[in-house]
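To start, the structure itself, in structure tokens.
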Amino acid sequence: MSAMPPTMIVASSAVLCLAIVYRLWREVVRDLAVLLWKASDDLQNLCNEVMKKHGGTYVLKGPKFCNFDFVTTCDHRNARHIFSTNFRNYERGQDFNYMFEVLGDGIFNVDGELWKYQRQLLQSLIGSNNEEFERHMMETLREKTETALFPVLDDAASSSRLQGTEVVDVQDVVKRFMFDAICLLVLGFDPEEMSSSVSWAVKACDEITEAVAFRHIVPVWMLRLQNWFQVGTEKRMRRSWRAMDRFLYRCVKTRKQELALANNDKICKGKDHQPRPKFDLLTQCLMVEEEREGEAVVEKQSDKFLRDTALTLILAGKETISSGLVWLLWLVATHPHVERAILDEIEQFVAVNGKAAFWSKGELTTNKMVYLHAAICETLRLYPPVPFQHRCAMGEDLLPSGHRVRKGARMIFSICSMARMPQIWSEDCAEFKPERWINRGTGTILPVPSHRFMTFMTGPRTCLGRAMSFLQLKSLASAILWNYKLEVVEGHPVKPALSVVTSMKHGLKMRVSKRR
Ligand code: HEM
């Protein structure tokens, strides 16, 4: 057999290479590009479609040696298994720690003893047993609402009346307001973002939460490139991270100095002289630690640890409540019969209890303003502020849905897809129907197990701020809706942004008018 001439070898190798590149483009690169584009356009919608198509659980198995298994699920049986029954087998894992790197050793980002320690500490500070903190929180919210939020809405309403054109981005206003309020609660300091023309803090939080979401969908080598060339989401996150650190470390330093001064006073003027300490969570953390004599508290009082805890609480508190409130205001404005029912209820509530009761824990229990409570549950079901949960399987497992999980598999639990599953919420699951939460016979809120209504998670890591969230959402929503009518600007597009919290991609443009 005669040998192939060299030109033929080169030509056929070139054709082979081209064929491989074409195939790779068609099957991998193009699919990856389409997936990335779809995911960055509307990740939640993409996930909902995949979940529906695959009956609630989708397993992507990579080759065994490269440890690239993905299990995405929204099955409530799996929820109970992963987050409660077999809780020990599912930890954050290295991937999660990397994605949420900005939170350092804050409670969201740790497992084991450090998690237990922080859970206990935070439970004592923000749990519903701490009535003093709850009173302080409601008083802070009332004051900020009346002195900062209402004046902004009043201005918008009067410009709208005079010029007829004034439009407000309600999402931006609510985010600024919540940042100020949560900083007062966590740091004892009001950054007054409501009165600045451009809010660095809202931008920083948005950039951080967007970059963390991006880290969920973009391969690590691409992120490394972004970091290397200092472009894209990674660049923006690093910039915001630095700004946030400067702000937080300043506050930590001040609170520590104030506490040291107060302690000095106590020593000089005797034990009975106890000036009332500030009620922010940072000071409370420092005081709890002081009482634990003999324990190795030094590292837990370090500026870094306090910074991590403060940032975690600020993001946990600001992002979730802003998200819940903004989606609620949008849903109420676009469902007039719900708006009417809520207003009737608030009117009766005010007639019996007076306006001040908007800020009273005793008056805002689940059994008062039941319809508003149901509307909040329904909003948090359809648009859960934390749309996904991420875990790593420490060992092999078999899920109740019948899917096998390999050791090291990444588990994504899609809370947002759960609301769109007719198996759980019946055929009308995509509709906004507060009535589904109310027992027709008794008129009270129906109890729904936490592994079906996963918005606040289920199992040992369930949200510590659940009770305070309902209090805050109920008081803010009733105070705003009682005083103002909000109408969505015609044609304004509404869809979730690419973020680890469900905020609106294009903000929420509304026209404001005063009701009274
Ligand atoms: C509508 C409001 C809220 C929603 C939907 C919500 C949702 C959640 C979810 C899904 C988790 C589980 C996160 C995970 O395991 O990765 C969580 C945990 C947590 N939440 Fe919330 N949250 C809300 C408000 C708050 C507030 C206001 C605070 C307090 C400032 C708070 C504090 C926490 C803490 C400390 C944890 C960590 C619990 C742990 O890991 O043991 N949350 N929350």
Side-chain angles (χ1 to χ4, degrees), residues 79 82-84 87 90-93 96-97 99-100 103 105-128 130 133-134 137-138 140-141 174 178-179 181-187 212 216 280-282 284-285 308-328 373 376-392 411-416 418-419 450-451 453-477 500-503:
I82 296 168
F83 300 113
S84 296
F87 171 69
Y90 295 95
E91 293 196 351
R92 306 303 220 212
F96 187 99
N97 294 153
M99 288 167 196
F100 287 86
L103 294 181
D105 284 335
I107 188 169
F108 284 119
N109 217 10
V110 290
D111 290 298
E113 288 306 311
L114 194 50
W115 166 68
K116 271 194 205 151
Y117 165 82
Q118 293 195 55
R119 179 138 187 124
Q120 220 181 12
L121 172 69
L122 292 177
Q123 177 97 56
S124 70
L125 298 181
I126 60 173
S128 49
N130 192 342
F133 174 70
E134 273 180 347
M137 175 184 87
M138 297 307 277
T140 306
L141 270 194
V174 168
M178 280 313 300
F179 187 78
I182 197 78
C183 282
L184 270 167
L185 293 174
V186 175
L187 309 170
V212 174
H216 281 71
D280 59 274
L281 294 174
L282 206 55
Q284 295 296 312
C285 269
D308 294 347
T309 305
L311 181 61
T312 301
L313 288 175
I314 288 173
L315 290 180
K318 170 202 165 258
E319 297 296 327
T320 53
I321 303 289
S322 312
S323 161
L325 185 59
V326 170
W327 287 97
L328 174 71
H373 194 102
I376 293 172
C377 292
E378 184 67 344
T379 304
L380 298 177
R381 178 185 77 86
L382 280 170
Y383 297 99
V386 183
F388 301 105
Q389 281 296 305
H390 193 165
R391 295 288 186 274
C392 175
M411 312 288 301
I412 307 283
F413 194 91
S414 176
I415 301 178
C416 55
M418 236 180 159
S450 56
H451 64 278
F453 177 47
M454 279 278 296
T455 296
F456 293 96
M457 265 282 280
T458 186
R461 290 198 84 140
T462 193
C463 174
L464 282 171
R466 181 185 171 125
M468 78 154 87
S469 300
F470 274 103
L471 272 181
Q472 293 191 18
L473 286 169
K474 253 175 143 169
S475 50
L476 288 169
V500 277
V501 278
T502 310
S503 54

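We count ligands from 1, going down the list as the structure has it; atoms in each ligand are counted the same way. Everything numeric here is computed off the predicted structure, so don't read it as measured data.
- Protein N/O/S atoms closer than 2.8 Å to atom 21 (Fe) of ligand 1, listed by chain and residue number, are Cys463 SG.
- Looking at Gln472 next to ligand 1, no N or O pair under 3.5 Å apart turns up.
- Looking only at protein heavy atoms, the nearest one to atom 19 (C) of ligand 1 is Phe108 CE2, 3.6 Å.
- Expressed to the nearest 0.5 Å, how far OG of Ser469 lies from NZ of Lys474 amounts to 13.0 Å.
- Shortest contact from atom 10 (C) of ligand 1 to any protein heavy atom: Thr455 O, 3.4 Å.
- Partner of Thr312 under the side-chain contact (heavy atoms from CB on, under 4.5 Å) criterion, chosen from Asn109, Ile107, Val186: Ile107.
- Looking at Lys318, Arg391, Met468, Gln118, it is Arg391 that brings a heavy atom closest to atom 15 (O) of ligand 1.
- In this structure, Leu125 and Cys285 approach most closely via the heavy-atom pair CD1-SG, 3.8 Å.
- The pair Asp111-Lys116 does not count as a salt bridge, with every side-chain nitrogen at least 4.0 angstrom from each carboxylate oxygen.
- When the options Met411, His216, Arg92 are evaluated for a side-chain contact (heavy atoms from CB on, under 4.5 Å) with His390, the one that passes is His216.
- Note: an N/O pair closer than 3.5 Å links Arg461 and ligand 1 by distance alone.
- Summarising the geometry of Leu141 relative to Ala181, their closest heavy-atom pair is CD2-CB, 4.1 Å, with the distance given to 0.1 Å.
- Considering Arg461, His451, Arg391 as possible partners of Phe83, the one that fulfils the side-chain contact (heavy atoms from CB on, under 4.5 Å) test is Arg391.
- When only interatomic distances are considered, the shortest N/O to N/O separation between Gln389 and ligand 1 falls below 3.5 Å.
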For Phe470 and Phe456: C-alpha separation, side-chain torsions, deciding distance, then whether ring-ring contact (aromatic ring centres under 6.0 Å, His included) applies. CA-CA 11 Å; Phe470 274 103; Phe456 293 96; 5.7 Å; yes

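- Partners of Glu91 under the side chain to side chain donor-acceptor pair (under 3.5 Å) rule, at least two apart in sequence or in another chain, do not exist in this structure.
- Heavy atoms of Gly324 come nearer than 4.0 angstrom to ligand 1 in no pair at all.
- Interatomic distance, Gln123 CD to Leu121 CG, rounded to the nearest 0.5 Å: 10.5 Å.
- When Arg92, Lys116, Arg119 are ranked by how near their heavy atoms come to atom 41 (O) of ligand 1, first place goes to Arg119.
- Nearest residue to atom 29 (C) of ligand 1 from Ile126, Leu121, Val110 is Ile126 (criterion: closest heavy atom).
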